[in-house]
Amino acid sequence: ALMCAVSYGQIAAVQLLIDAGADLDCTNNQNKPALFLAFKGNHFKCLKWLVEKGAKYTFKINGKAFLDLLKVSKKDEIKNIIERLNLKNF
């Protein structure tokens, strides 16, 4: 359910599911975590919420560190999230 909510950027559903105990680090059938789906879908509120709640962001996608994908993002929303959350390893 969390993967579906994140995929569609449904922040209220994401918050409800997380508060109810959903696994922040669950993955889809392609082994992609919810955090990546939020990033890929430009669902920045979901991305921020997942990180704030403790989702792991040290995973790799196709051999590349997720943090590296965030670093090269040209989207202001991503830069603001990185800055506000003071993500480690930057």
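Computed from a predicted model, the values in this text were never measured in an experiment.
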Check: Taking only residues two or more places apart in sequence, or in another chain, which ones meet Y8 in a ring-ring contact (aromatic ring centres under 6.0 Å, His included)?
Finding: none
Notebook entry, point to check: Are the side chain of H43 and the backbone N or O of L37 linked by a donor-acceptor pair below 3.5 Å?
Noted result: no
Notebook entry, point to check: Is D25 reaching over with its side chain to a backbone N or O of A55, donor-acceptor style, under 3.5 angstrom?
Noted result: no
Note to self: Restricting to non-hydrogen atoms, name the atom on L2 and the atom on C26 that form the minimum distance, rounded to 0.1 Å.
What the structure shows: CD2-SG, 3.9 Å
Check: Of all heavy-atom pairs between A38 and C46, which one has the smallest distance, and what is that distance?
Finding: CB-CB, 4.0 Å
Got a second to check how far [X]'s [atom1] is from [Y]'s [atom2], nearest 0.5 Å?
| X | Y | atom1 | atom2 | answer |
| --- | --- | --- | --- | --- |
| L50 | K56 | CG | NZ | 13.5 Å |
| K60 | L69 | NZ | CG | 11.5 Å |
| F39 | L47 | CZ | CG | 8.0 Å |
| F36 | T27 | CZ | OG1 | 12.5 Å |
| M3 | D23 | CE | CG | 10.0 Å |
| Q15 | K45 | CD | NZ | 9.0 Å |

Next item on the list: Mind running side chain to side chain contact (heavy atoms under 4.5 Å, CB included) on N62 and K32 for me, showing each step along the way?
Entry: CA-CA 10 Å; N62 299 328; K32 306 270 197 276; 4.0 Å; yes
Item checked: Pair F66 + Y57: ring centers closer than 6.0 Å -> no
Beyond-backbone contact of [X] with [Y], side-chain heavy atoms, under 4.5 angstrom:
| X | Y | result |
| --- | --- | --- |
| K40 | I61 | no |
| V51 | W49 | no |
| K53 | L24 | yes |

